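These numbers come from a predicted model, not from an experiment.
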Amino acid sequence: MPNEPIVQLLGVSKRIGPATIIDDLSFDVVPGEIFGFLGPNGAGKTTTIRMMVGLMTLTAGDIRIKGHSIRSSFEQAIRHVGAIVENPEMYKFLTGYQNLIHFARMVKGVTKERIDEVVRLVKLEERIHDKVSKYSLGMRQRLGVAQALLHRPSLLILDEPTNGLDPAGIRELRDYLRKLTRDEGITVIVSSHLLSEMELMCDRVAIIQRGRLVDIKPIGELVAGANVARTYRIETDAVDEGTVAAVGELDGVISVQALEAGLEIQTDRERIPDILAQLVSRQVRVYEIQALRPSLEDRFLEMTGGATHA
């Protein structure tokens with residue numbers, strides 16, 4: 001069935017000695033989405049991903065991939081998965097193409113045509129015959145994705161794939177993952193500490209803290225649900241210090257900052273008429289009011305109590 005989850009975490013727990021790392025974690029990932037996995041350092045993101053790919057055993061619960069249990073049917077489950085956990089490991093003295101051939105020998109059914117196909121897919125045609133030692137970090141990430149895709153997985157799992165990438169490389173990876181889900185129908189699970197990139201990249205996000213699920217929602221709903229005061233940008237004539245101080249003294253105004261052409265104010269929506277009245281009374285001309293949408297970072301900090309590392 002098209003809406004059947006491709007991944008199900010069912011009451012997953014992981015204990016190491018007396019410490020509970022993952023505590024009764026449950027969620028579903030549906031086909032064709034980019035699913036973000038966020039949490040402060042030590043929240044259990046990488047531990048969860050390691051359990052998904054069989055690098056770490058579960059203490060309790062189960063993980064099912066396309067209906068197959070990681071615990072009881074590992075080979076049937078993992079054949080649907082391509083993954084990069086932390087950094088992709090390559091033989092630097094070999095070319096990119098030779099690395100792919102080496103990996104293909106360990107997987108049944110990977111043809112030369114499939115290797116050429118994934119090389120085109122990750123746009124490495126011009127450099128695939130160069131040694132990996134000459135690759136940039138972004139190119140190595142793309143080669144790692146190519147390797148993970150060779151056996152036509154239904155699910156791609158990427159743990160911190162943007163680590164070390166420059167802004168251009170991050171955007172390239174983001175656009176590429178979108179292309180994968182759109183054109184290839186692949187589901188992607190990605191963890192990252194770059195909240196702004198996760199907001200642009202993901203369809204849904206799960207936030208965990210201390211090994212427990214805090215919330216899971218589509219990006220739009222998660223951001224819209226933020227219980228933080230909104231920030232408004234008001235375009236005006238130049239304002240003097242007295243006007244800035246007068247606006248800042250109004251009830252409900254949390255902060256006010258003078259801009260080159262206006263003010264940026266953090267306040268509740270109900271206070272906007274009072275602010276406009278104050279500006280008009282001081283003969284300041286108002287041209288435009290813009291409500292700035294709360295970001296995923298706002299929501300993340302609100303939900304995790306100010307934890308700054310995702």
Under 4.5 Å between any side-chain heavy atoms of Val247 and Arg282, yes or no? no
Hey, any chance Leu9 and Phe74 share a hydrophobic cluster, counting ILVMFWY side chains that come within less than 4.5 Å of each other, even indirectly? yes
Member of Asp24, Asp23, Ile16 meeting the side chain to side chain contact (heavy atoms under 4.5 Å, CB included) criterion with Thr20: Asp23
Within 6.0 angstrom of Arg71 CZ, more than 12 heavy atoms from elsewhere: yes
Quick check for you: to the nearest 0.5 Å, what is the distance between Ile101 atom CD1 and Leu94 atom CG? 10.0 Å
Would you say Ile265 ends up clustered with Tyr287 if hydrophobic residues are merged whenever their side chains have heavy atoms under 4.5 Å apart, either directly or through other cluster members? no
Distance in Å, Lys14 NZ paired with Thr47 OG1, rounded so as to fall on 0.5 Å steps: 8.5 Å
If a pair satisfies ring-ring contact (aromatic ring centres under 6.0 Å, His included) and one of its residues is in residues 82-123, list it, with sequence neighbours excluded. Tyr91-Phe93, Tyr91-His102, Tyr97-His129
Do any pairs count as a ring-ring contact (aromatic ring centres under 6.0 Å, His included) and have a residue in residues 256-283, sequence neighbours left out, and if so which ones? none
Do side-chain atoms of Ser154 reach the backbone of His80 as a donor and acceptor pair under 3.5 angstrom? no
Got a donor-acceptor contact below 3.5 angstrom from the Arg142 side chain to the Lys123 backbone? yes
Measure from the side-chain N and O atoms of Asp268 to the backbone N and O of Glu270, and report whether any donor-acceptor pair falls under 3.5 Å. no
Would you say the side-chain atoms of Asp159 and Ser191 include a donor-acceptor pair closer than 3.5 Å? yes
For the residue pair Lys179 and Leu121, establish whether any side-chain heavy-atom pair is separated by less than 4.5 Å. yes
Do Leu150 and Val107 share a hydrophobic cluster (ILVMFWY, side-chain heavy atoms under 4.5 Å, transitive)? yes
Are Val110 and Val122 co-members of a hydrophobic cluster defined by side-chain heavy atoms under 4.5 Å apart? yes
Looking only at heavy atoms, the pair that brings Ile65 and Met52 closest together is CD1-O, 3.9 Å
Verify, without hydrogens or angle tests, whether Arg174 (side chain) and Met201 (backbone) share a donor-acceptor contact under 3.5 angstrom. no
Does one hydrophobic cluster hold both Ile275 and Leu259, with members joined at side-chain heavy-atom distances below 4.5 Å? no
Minimum side-chain heavy-atom gap Val85-Ile157 below 4.5 Å: no
State which residues pass side-chain hydrogen bond (donor to acceptor under 3.5 Å, both in side chains) with Gln98; sequence neighbours excluded, sorted by chain then number. Thr95
Considering all heavy atoms, the nearest Asp28-Phe35 contact: O-CE1, 4.1 Å
Can any side-chain N or O of His151 pair as donor or acceptor with the backbone N or O of Ala104 at less than 3.5 Å? no
Taking atom CZ of Arg178 as the centre, does the number of heavy atoms from other residues, nucleotides or ligands within less than 6.0 Å exceed 12? yes
